[in-house]
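Source: prediction; values computed, not measured. In each ligand, atom 1 is the first atom listed, and ligand 1 is the first ligand listed.
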Amino acid sequence: MKAVALVEAGEARIVETRAPQKRPGELLLKVEMVGLCGTDLNSFRGKNPLISYPRILGHEIAATVLEGSTAIPAGMRVTVSPYSSCGTCASCRRQRFNACQGNQTLGVQRDGALAEWIAVPEEKVYPSHLSLKELCLVEPLTVGFHSVARGRVTKDDIVAVFGCGGVGLGAIAGSAFRGARTIAIDLDDTKLDTARAAGATDLIHSGREDFRTRLRELTNGHGPDVIIEAIGLPDTFRAAVEEVAFTGRVVYIGYAKEPIAYETKLFVQKELDVLGSRNALPPDFREVIAMLERGHFPVDRAISAIISMEETPAMLAQWSASPASFTKIIVEVGR
Ligand SMILES: [Zn+2]
Ligand SMILES: [Zn+2]
């Protein structure tokens, strides 16, 4: 079968590879569409420390069941959780499989779904009547939804999300889906417009206005109850702790590339919950699917381009040359 593989950093190719064999407990899926995100771009550019080459890409999956089970029969449309878990590490023993120490994500540490067929364990498969495009968006949105779950967001909270890229947009949609007043902060008008369409109630353009002043204005001087950091810069990491309300929750999803100095008295004085958030759990997948089924997300605005498998190697090179020109690229596998 055909697949798209990174043979090494900077070189993607269409390869011919062996079709998968379904093992006990697995389903055989015909891959319909696969979304590409910043992780794939980093893998292409050799900037993803977790990847090894050669590697078949693909972890944002829309597929049709070819050989199913009683619960998920042939013909159903599905998406897939691309994570694995060892079952024995400290995270797994606490049922927090998303943070498994030995996690292997499809398309990163294991060959992914950018191929004609894949075989995956049944418990990783989520059936739904969503469109194929929507199914591709489930996994990337779960990452933001998980951060909202980590922040224990309720309808009574005011939540601020730093950064409206793919992950931040998921956090905004997740926070809005729980009924919280949701403030989106970014430097890009287009991203802020999409954030509004995803449920943000207030927008702050941090290039044109002082976001710290605006946050206080919007919260009666208290600061947001929850701040979700989805950028990964030292300034925004620190601002989250500085601007969150007393006894608030700070959730970090971004990865900062350097050590950050903090005024640690804020942790103690405000009695903060400072939380990390990584990947997603089954309830996050179910919540995203429920949100999309209600039509609460601007699906078409979130997708920059739809291409064929053959076009993928050239598109990765183009994306790498100008990273800001695309956010989400979808590969139509059967095209
Ligand atoms: Zn992704
Ligand atoms: Zn584990």
(message) Among L187, I185, D186, exactly one meets side chain to side chain contact (heavy atoms under 4.5 Å, CB included) together with F211. Which residue is that?
(response) I185
(message) Is it the case that the side chains of S128 and E293 hold a donor-acceptor pair, with the cut-off being a distance below 3.5 Å and no angle test?
(response) yes
(request) With rounding to the nearest 0.5 Å, note down the distance linking CE in M33 to CZ in R77. (result) 9.0 Å
(request) Say whether, by atom type as modelled, one donor and one acceptor occur between the side chain of S277 and the main chain of Y252 under 3.5 angstrom. (result) no
(message) Looking at every non-hydrogen atom in both residues, tell me the closest pair between G107 and I51 and how far apart they are.
(response) O-CD1, 3.9 Å
(message) I need the K30 NZ to M1 CE distance, nearest 0.5 Å.
(response) 13.0 Å
(message) Just checking E271: does its CD atom have more than 12 heavy atoms from other residues, nucleotides or ligands closer to it than 6.0 angstrom?
(response) no
(message) Between the side chains of E60 and K328, is the shortest nitrogen-to-carboxylate-oxygen separation below 4.0 Å, so that they form an ion pair?
(response) yes
(request) Sort by chain and number the protein N/O/S atoms found under 2.8 Å from the Zn ion (ligand 1). (result) C37 SG, H59 NE2, E60 OE2
(message) Side chains of E229 and T236 only: does a donor on one sit below 3.5 Å from an acceptor on the other?
(response) yes
(message) If I only include protein atoms of type N, O or S, how many are less than 2.8 Å from the Zn ion (ligand 2)?
(response) 4
